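All ligand and atom numbering here is 1-based and tracks the order in the structure. This structure is a prediction, so every number in the text was calculated from the model and none was measured.
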Amino acid sequence: MKFFIDTANLKEIDEARSLGMLDGITTNPSLISKESLFSHKEIYEHYISICKRLKNDENMSAEVISSNYTDMIQEGEKLALLHPKIVVKIPITKNGIKTIKYLSQKKIKTNSTLIFSTGQSILAAKAGATYVSPFVGRLDDVSYNGLNLIQEIKSIYDNYSFETKILAASIRHPLHIVECFKIGVYAITSPLNVIYSLLNHPLTNIGLDKFIKDFHRKINK
Ligand code: G3P
């Protein structure tokens with residue numbers, strides 16, 4: 001059971017580490033745009049800073065922004081050379097599939113992203129993607145149960161013993177996390193605040209309040 005954090009924010013990464021809930025990082029262009037980074041050079045240096053925070057078997061997905069095959073390959077290889085902990089994140093398009101195939105043959109790890117259907121997940125696995133990232137919350141946003149997709153992908157991958165790992169993404173609330181682990185995904189990737197929301201239970205707060213009050217009522221006498 002692995003907790004990846006979906007962020008490019010160093011403070012959030014350090015906080016996840018201190019909580020003991022950091023098995024990897026996923027970023028995307030939108031998350032990168034939230035940081036104070038204004039050039040490719042700064043972004044690449046930032047990726048390296050994230051990687052330096054990671055331990056042995058942990059990694060960080062960095063997404064390509066090109067869309068044609070040659071540029072995707074070039075960008076993917078450049079990202080992979082930046083740091084050994086970088087997994088190249090590639091959108092599931094025709095060129096994306098070809099890029100995954102090419103990079104996986106070169107033993108470069110890939111994360112196939114923007115997965116919204118089982119069909120897409122099949123092509124990603126056949127191409128040799130290391131990870132597949134189905135977007136649970138964004139499917140829920142359009143009235144499709146995102147967790148059903150996770151379940152379907154899990155069944156198909158199990159049927160054919162694909163090595164591609166399910167990295168459930170677009171996690172929006174604690175039940176997404178619980179249900180994904182019930183299905184048996186390799187990892188979820190989530191904002192840290194959603195992981196914290198797993199802690200929430202009113203009976204815990206009420207119980208703790210009572211324990212402390214009972215203790216002080218006696219001790220103060
Ligand atoms: O990294 C991709 C994914 O996790 C995005 O999540 O909340 O923007 O749909 P969200």
message = Taking R17 first and then E58, would you say they form a salt bridge - that is, a charged N and a carboxylate O separated by under 4.0 Å?
response =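 Salt bridge flag = yes for E58 with R17.
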
request  = Using a strict 4.0 Å threshold on nitrogen-to-oxygen distance, state whether E75 and K78 make a salt bridge.
outcome  = no

task = Decide whether I13 and I188 are clustered together by the hydrophobic rule: side chain heavy atoms of Ile, Leu, Val, Met, Phe, Trp, Tyr closer than 4.5 Å, transitively.
result = yes

Summary of side chain to side chain donor-acceptor pair (under 3.5 Å) pairs that have at least one residue in residues 157-166, sequence neighbours excluded = K154-D158

inquiry  = I'd like to know if the side chain of T7 reaches the main chain of P191, judged simply by a donor and an acceptor atom lying under 3.5 Å from each other, with no hydrogens or angles considered.
reply    = no

Write out each pair where an N or O from ligand 1 and one from the protein are under 3.5 Å apart, with the distance.
{"residue": "ligand 1", "atom": "1 (O)", "partner": "D6", "partner atom": "OD1", "Å": "3.0"}
{"residue": "ligand 1", "atom": "1 (O)", "partner": "D6", "partner atom": "OD2", "Å": "3.2"}
{"residue": "ligand 1", "atom": "1 (O)", "partner": "N28", "partner atom": "ND2", "Å": "3.0"}
{"residue": "ligand 1", "atom": "1 (O)", "partner": "K89", "partner atom": "NZ", "Å": "3.3"}
{"residue": "ligand 1", "atom": "4 (O)", "partner": "D6", "partner atom": "OD2", "Å": "2.5"}
{"residue": "ligand 1", "atom": "4 (O)", "partner": "S170", "partner atom": "N", "Å": "2.9"}
{"residue": "ligand 1", "atom": "7 (O)", "partner": "R172", "partner atom": "NE", "Å": "2.9"}
{"residue": "ligand 1", "atom": "8 (O)", "partner": "R138", "partner atom": "NH2", "Å": "2.8"}
{"residue": "ligand 1", "atom": "9 (O)", "partner": "R138", "partner atom": "NE", "Å": "2.6"}
{"residue": "ligand 1", "atom": "9 (O)", "partner": "S170", "partner atom": "OG", "Å": "2.7"}
{"residue": "ligand 1", "atom": "9 (O)", "partner": "R172", "partner atom": "NH2", "Å": "2.9"}

ask   = Is there a donor-acceptor contact under 3.5 Å linking the side chains of N111 and S61?
value = yes

